[in-house]
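Chain A is the first sequence line, chain B the second, and so forth, proteins listed ahead of strands; every chain is numbered from 1. Reckoned from all heavy atoms, side chains included, excluding hydrogens, waters and symmetry mates. All values reported here derive from a predicted model rather than from experimental measurement.
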2 protein chains.
Amino acid sequence: MENKLAVQLLSSIAQEARLDIFRLLVQAGSEGLAAGAIGETLKIPLSTLSFHLKGLSVAGLINARQVSRFIYYSANYEAMNGLLVYLTENCCAGQQACCPDLSCNATDNEIKSCKEIKS
Amino acid sequence: MENKLAVQLLSSIAQEARLDIFRLLVQAGSEGLAAGAIGETLKIPLSTLSFHLKGLSVAGLINARQVSRFIYYSANYEAMNGLLVYLTENCCAGQQACCPDLSCNATDNEIKSCKEIKS
DNA sequence: ACAATATTTCTATATTTATGGAAATATAGA
DNA sequence: TCTATATTTCCATAAATATAGAAATATTGT
């Protein structure tokens, strides 16, 4: 990831309504939610919501797919993970004692290991 | 963490210069860097740099400490970690197959376990 | 007290972003 | 084709943010 892309992603969630939208979608899972459902849940006027959904989409932090009349929006987990890694890269001069070690979650196997420990 | 605080933190790094500054400090470790050293490394005019350092400080993402004539800025790792957790909380409807499981890094012991696996 | 260094504040200007009502577009069912 | 539903685009206005030169402030050594 490079600076400009990261700024795009960060800008897209650096706003109260958009952060709420994004977190809702992160929690909703890959199926996502229709625009109307998002607006209803978060009580956001539709034109405003549409403006923000577009911002998140253009940045690349959420995906949209049309299902008949509905448009389902979902979190782009890859983009999110890339951003988190970018932010914490080479943390603490390589000692990495002070930040979550995201690289331990970077591959599927490592994620599995991490979860096994937890359970 | 709550929405408004997270937006504050995100806004503070949702800008090219400030993201560079923050990442430089994340990598520098807890000792931090003097303002002048940051400006020199990143080629940012001092008044602009000062404006951005203030933004990051007010948001709470970096700390400042004065050492004689120098002011050392350092990353606030707690704030950063809190933000990362907030973003990924309850990811994927609790299945957490799609995002780094930061909660496995949430405590020191868990971080240790995670690292042991990796090595 | 003076000079040198480190950093911030002041200032004006330029740019970007957010808001929500009203109208437009798109899809689907009767 | 008519109607209802879902979502977006248009628009004007309001507000927040970024830039960097010049001047001001703070600290230290002589």
Student: Can you find a heavy atom in the side chain of Val26(B) that is under 4.5 Å from one in the side chain of Met80(B)?
Tutor: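 In short, these two side chains touch, coming nearer than 4.5 Å.
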
Student: Does dT16(C) have its OP1 or OP2 closer than 4.0 Å to a side-chain nitrogen or oxygen of Gln15(B)?
Tutor: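 No, no such contact exists.
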
Student: Report the base-pairing partner of dT11(C) (Watson-Crick or G-U wobble, both distances below 3.5 angstrom), or none.
Tutor: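 The answer is dA20(D), by the H-bond criterion.
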
Student: In whole angstroms, how far is the P atom of dT7(D) from the CD atom of Glu40(A)?
Tutor: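 Interatomic distance, CD of Glu40(A) to P of dT7(D): 11 Å.
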
Student: Round to the nearest Å and state the distance from Ile71(B) atom CD1 to dT5(C) atom P.
Tutor: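 It is 18 Å, rounded to the nearest whole Å.
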
Student: What is the distance from atom CZ of Arg23(A) to atom CD of Glu89(B), rounded to the nearest 0.5 Å?
Tutor: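 CD of Glu89(B) is found 5.0 Å from CZ of Arg23(A).
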
Student: With a non-hydrogen cut-off below 4.0 angstrom, is Ser68(B) in contact with a base, only sugar-phosphate, or nothing?
Tutor: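 If one applies the 4.0 Å heavy-atom cut-off, Ser68(B) turns out to touch the sugar-phosphate alone, with no base involved.
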
Student: Do Asn3(B) and Val7(B) have side chains that approach each other closer than 4.5 Å (heavy atoms only, starting at C-beta)?
Tutor: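 Yes, their side chains come closer than 4.5 Å.
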
Student: How many Å lie between CZ on Phe51(A) and P on dC10(D), as a whole number?
Tutor: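 Roughly 13 Å, once rounded to whole Å.
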
Student: Between P on dT7(C) and CG on Leu49(B), what's the gap in Å once rounded to a whole number?
Tutor: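 Answer to the nearest Å: 9 Å.
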
Student: Does a side-chain heavy-atom distance below 4.5 Å link Ile21(B) with Leu53(B)?
Tutor: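 Result yes, sub-4.5 Å side-chain heavy-atom pair found.
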
Student: Ignoring hydrogens, what is the shortest heavy-atom contact between Ser74(A) and Gly29(A)? Give both atom names and the distance.
Tutor: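 Shortest heavy-atom contact: CB-O, 4.3 Å.
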
Student: Would you tell me if any nitrogen or oxygen in the side chain of Arg69(B) comes within less than 4.0 Å of OP1 or OP2 on dG29(D)?
Tutor: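 Negative; the distance criterion is not met.
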
Student: OP1, OP2 of dT17(C) versus side-chain N and O of His52(A): anything below 4.0 Å?
Tutor: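 No, no such contact exists.
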
Student: For Ala34(A), report the nucleic acid contact type (base, sugar-phosphate, nothing); a contact means any heavy atom under 4.0 Å.
Tutor: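 Sugar-phosphate contact only.
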
Student: In whole angstrom, what separates Leu46(B)'s CG from dT25(D)'s P?
Tutor: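 Atom CG in Leu46(B) sits about 18 Å away from atom P in dT25(D).
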
Student: Go through dT7(D), dT7(C), dT8(D) for me and flag the one nearest to the Tyr73(A) side chain.
Tutor: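 Of the options given, the side chain of Tyr73(A) lies nearest dT8(D).
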
Student: Using atom CD of Glu16(B) as one end and atom P of dT19(D) as the other, report the distance to the nearest whole Å.
Tutor: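 Those two atoms, CD and P, are 8 Å apart.
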
Student: Can you see if the side chain of Tyr72(A) gets near the phosphate of dA6(D) - specifically, an N or O under 4.0 Å from OP1 or OP2?
Tutor: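 So the side chain of Tyr72(A) is outside the cut-off, no N or O lying under 4.0 Å from OP1 or OP2 of dA6(D).
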
Student: Taking only side-chain N and O atoms of Ser50(B), does any of them lie within less than 4.0 angstrom of OP1 or OP2 on dT8(C)?
Tutor: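 It does, given that an N or O in the side chain of Ser50(B) lies less than 4.0 Å from OP1 or OP2 of dT8(C).
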
Student: Start at the 5' end of DNA chain C and walk down; is the nucleotide closest to Arg18(A) or to Gln66(A) reached first?
Tutor: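 Result of the comparison: Arg18(A).
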
Student: Let me know the distance between CG of Leu42(A) and P of dG20(C), rounded to the nearest Å.
Tutor: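 After rounding, the reported distance stands at 13 Å.
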
Student: Could you tell me the separation between the CD1 atom of Ile44(A) and the C1' atom of dA18(C), rounded to a whole number of Å?
Tutor: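 About 12 Å, once rounded to whole Å.
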
Student: Just N and O in the side chain of Lys54(A): are any of them under 4.0 Å from OP1 or OP2 of dT9(D)?
Tutor: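 Yes.
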
Student: Can you see if the side chain of Ser47(A) gets near the phosphate of dG21(C) - specifically, an N or O under 4.0 Å from OP1 or OP2?
Tutor: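 It does not, given that no N or O in the side chain of Ser47(A) lies less than 4.0 Å from OP1 or OP2 of dG21(C).
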
